[in-house]
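Report on the structure given below.
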Amino acid sequence: MNFVIFMAGAVLMLVMGLRATKARRTLITKGEKVEALVAGTVHTRDGVSLALEFTTPGGSTRRLPYPVPQKAKGFAQGSHVTLYYDPLKPEKVYVQGDKSVLGAEIIYYALAALLLGLGVVLQMMQ
């Protein structure tokens with residue numbers, strides 16, 4: 001029974017990793033790419049976020065919140081970042097170089113591999 005639980009966990013982590021990778025890659029390939037200014041911070045329901053300000057291809061100015069990366073190097077107020085966003089769903093945003101997003105994907109895949117390995121070891125011990 002433990003084998004099934006570990007395999008289910010491995011599959012779940014793999015699916016989560018694939019969804020995160022697909023979402024990021026979709027924004028990069030199909031979203032709008034703009035240069036954004038880190039205009040400061042704003043308080044959102046999720047806590048403190050960076051306020052990223054940019055001009056859309058249509059010429060209007062937008063300001064989107066982006067969760068403050070843990071290692072916010074290069075995200076200082078007044079700096080410029082490359083931003084990918086979905087114009088139809090502007091809450092879907094990816095800032096190029098945000099290592100926390102890439103780190104989360106790596107953690108999903110590492111957990112999938114670990115759970116798979118533990119499940120195989122448990123199965124072999126029986």
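Worth knowing before you read on, the calculation uses all heavy atoms, side chains too, and leaves out hydrogens, waters and symmetry mates.
Annotation: side chain of L83 is not in contact with side chain of Q96 (no heavy-atom distance under 4.5 Å). Contact of the V38 side chain with the Y66 side chain is not registered, since no non-hydrogen atoms from C-beta on lie closer than 4.5 Å. Within the 4.5 Å cutoff, side-chain heavy atoms of M7 are placed close to those of L116. In this structure the side chain of R63 never reaches within 4.5 angstrom of the side chain of L52, judged on heavy atoms. Side-chain contact between T82 and K33: present, with at least one pair of heavy atoms (C-beta onward) separated by less than 4.5 Å. Side-chain contact between Y108 and T21 is absent, with no heavy atoms from C-beta onward closer than 4.5 Å.
Following chains of ILVMFWY side-chain contacts shorter than 4.5 Å, one can reach F6 starting from M16, so the two form part of one hydrophobic cluster. There is a path of hydrophobic side-chain contacts, each under 4.5 Å, that joins I28 to V101.
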**Request:** Go through E53 and T61 one step at a time and tell me if the side chain to side chain contact (heavy atoms under 4.5 Å, CB included) criterion holds.
**Result:** CA-CA 7 Å; E53 195 171 276; T61 301; 3.9 Å; yes
**Request:** Let me see the working for D98 and L102 under side chain to side chain contact (heavy atoms under 4.5 Å, CB included), right down to the final yes or no.
**Result:** CA-CA 7 Å; D98 183 356; L102 301 175; over 6 Å; no
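E32 approaches P87 most closely through the heavy-atom pair CG-CG, 3.3 Å. Minimum heavy-atom separation, P90 to L64: O-CD1, 3.5 Å.
Considering NE2 of H80 and CG of L37, their distance stands at 4.5 Å, rounded to 0.5 Å. The line from CG of L14 to CG of L111 is 11.5 Å long, rounded to the nearest 0.5 Å. To the nearest 0.5 Å, atoms CD1 (I107) and CG (L114) are separated by 12.5 Å. Separation of atoms CG (L115) and CD1 (I5) is listed at 11.0 Å; rounding is to 0.5 Å. In this structure, CG in L122 is found 9.5 Å from CZ in F3, a value given to the nearest 0.5 Å.
Checking V34, V93, T29, L27 one by one against Y84, the side chain to side chain contact (heavy atoms under 4.5 Å, CB included) holds for a single residue, L27.
With respect to the salt-bridge test (charged N to carboxylate O, under 4.0 angstrom), the residues E105 and R24 qualify.
Without hydrogens or angle criteria, T55 side chain to G59 main chain gives no donor-acceptor distance under 3.5 Å.
Remark: F54 engages Y85 in a ring pair (Phe, Tyr, Trp, His ring centres under 6.0 Å) (not counting sequence neighbours).
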